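Input: a single structure, listed below in structure tokens.
Fair warning: this is a prediction, and the values are worked out from it, not measured in the lab.
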Amino acid sequence: MKKLLLLISGLCLFLLIGCNQDNDQSAPPQNDTSNDTSNDTQTEKPDLNNEELSVSFNDAIDEFKKKYADASITKIELDSDLKEWKYEITGVDDTTEYEAEINANTKELTNTGEEALDQDEKNTEKETNALDIDNVILPDKAIESVLNETEGEIDGWTLEIEDGRTIYEVTVRNGNKDIDYIVDAMNGELLGTDK
């Protein structure tokens, strides 16, 4: 029995070695470009300061409200995926959270979704996190406050309530370093950074 097991093991080992020997010659060559940057044209994230968006802050809110009329907005973000700028808006009513992306140039509403709030969030999420959209400064003013203090490319911004305060978080890219600047969304005061 031992001889049979030894013979089978030997044959398996022989077959494995034989199968692997000319494997590289029969397979077509593959180009590994993971470390080759000689021909790459690096795609960089666009600078919001150099963009002319067709859809304004208020237009994006209006599009969201057309879809979710009873929702209170809790967060608005403007960000780029290297190809296009998108507003990402989140809102809630007493039982449900709603999300939608609005293309910042075409107004197209995409990636919409609804999710039931957890039991502990029902009836409180709206009260504690709903933005007072009518009384916040426009994103351009928040960006202006940041650029009065620093240089760099604007990577995007987020408007939300954090620790009971309505803020803009403006992301500035300086070289390969991103710094989030916190701006009071009611008066434009630069509050600090969140590195």
Item to complete: Would you mind telling me which of Thr112, Leu78, Leu109, Asp59 makes a side chain to side chain contact (heavy atoms under 4.5 Å, CB included) with Ile102?
Response: Leu109
Worksheet item: Testing Thr158, Ile133, Val136 for side chain to side chain contact (heavy atoms under 4.5 Å, CB included) with Ile76, which one passes?
Response: Ile133
Testing the basics here: between [X] and [Y], what is the closest heavy-atom pair and its distance to 0.1 Å?
X: Pro46; Y: Glu51; value: CB-OE2, 3.5 Å
X: Leu147; Y: Gly152; value: CD2-O, 4.1 Å
X: Tyr98; Y: Glu114; value: CD2-CG, 3.4 Å
X: Phe64; Y: Ala71; value: CE2-CB, 4.1 Å
X: Glu108; Y: Thr110; value: OE2-CG2, 3.5 Å

Worksheet entry | Asp94/Lys122 ion pair, N-O < 4.0 Å |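 A salt bridge is absent here (no side-chain N lies under 4.0 Å from a carboxylate O).
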Practice prompt. Taking only Lys NZ, Arg NE, NH1 and NH2, and the carboxylate oxygens of Asp or Glu, determine whether Arg173 and Asp178 approach each other closer than 4.0 Å.
Written response: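 No salt bridge links Arg173 with Asp178.
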For [Y], does its backbone N or O pair with a side-chain atom of [X] as donor and acceptor, under 3.5 Å?
X: Ser145; Y: Gly188; answer: yes
X: Tyr87; Y: Val55; answer: yes
X: Asn58; Y: Ile61; answer: no

Can you measure from [atom1] ([X]) to [atom2] ([Y]) and round to the nearest 0.5 angstrom?
X: Tyr168; Y: Leu190; atom1: OH; atom2: CG; answer: 14.5 Å
X: Glu115; Y: Asp118; atom1: CD; atom2: CG; answer: 7.5 Å
X: Thr124; Y: Glu121; atom1: OG1; atom2: CD; answer: 7.0 Å
X: Ile167; Y: Met186; atom1: CD1; atom2: CE; answer: 11.5 Å
X: Arg165; Y: Glu160; atom1: CZ; atom2: CD; answer: 14.0 Å
X: Ser56; Y: Asp62; atom1: OG; atom2: CG; answer: 7.5 Å

Using side-chain heavy atoms (C-beta onward) and a distance below 4.5 Å, is [X] in contact with [Y]?
X: Val172; Y: Val146; value: yes
X: Ile73; Y: Ile89; value: yes
X: Asp194; Y: Glu169; value: yes
X: Thr128; Y: Ile161; value: no
X: Tyr181; Y: Thr150; value: yes
X: Thr74; Y: Leu131; value: no
X: Val183; Y: Glu189; value: no
X: Leu117; Y: Val92; value: yes

Worksheet item: For Lys141, does the NZ atom have more than 12 heavy-atom neighbours from other residues, nucleotides or ligands under 6.0 Å away?
Response: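 Atom NZ in Lys141 is not crowded, with 12 or fewer foreign heavy atoms closer than 6.0 Å.
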Worksheet entry | CG/Asp70: more than 12 non-hydrogen atoms of other groups inside 6.0 Å |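 Check fails, neighbour count at 12 or below.
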Worksheet item: What is the ring orientation for Phe57 with Trp157, classed by angle as parallel under 30°, tilted 30 to 60°, or perpendicular over 60°?
Response: tilted
Worksheet item: Are Glu151 and Asn174 close enough that a side-chain donor and a side-chain acceptor fall under 3.5 Å?
Response: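 On atom types as modelled, these side chains do not qualify, holding no pair under 3.5 Å.
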Discussion item. Could you check whether Asn111 and Glu101, counting side-chain N and O atoms only, form a donor-acceptor pair closer than 3.5 Å?
Written reply: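 A pair is found: one side chain offers a donor N or O, the other an acceptor, under 3.5 Å apart.
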Discussion item. Quick one, Lys75 with Leu159, criterion side chain to side chain contact (heavy atoms under 4.5 Å, CB included). Give me CA distance, side-chain angles, the key distance, then yes/no.
Written reply: CA-CA 6 Å; Lys75 183 177 180 180; Leu159 173 63; over 6 Å; no
Worksheet item: Thr95 and Asp93: side chain to side chain contact (heavy atoms under 4.5 Å, CB included), yes or no, with the steps?
Response: CA-CA 6 Å; Thr95 60; Asp93 60 20; 3.5 Å; yes
Worksheet item: Does one hydrophobic cluster hold both Ile154 and Leu138, with members joined at side-chain heavy-atom distances below 4.5 Å?
Response: yes
Practice prompt. Apply side-chain hydrogen bond (donor to acceptor under 3.5 Å, both in side chains) to the pair Thr171 and Asp180, showing each step before the final yes or no.
Written response: CA-CA 4 Å; Thr171 304; Asp180 293 329; 2.6 Å; yes
Item to complete: Would you check, one step at a time, whether the test side chain to side chain contact (heavy atoms under 4.5 Å, CB included) holds for Asn105 with Leu53?
Response: CA-CA 6 Å; Asn105 285 308; Leu53 304 177; 4.1 Å; yes
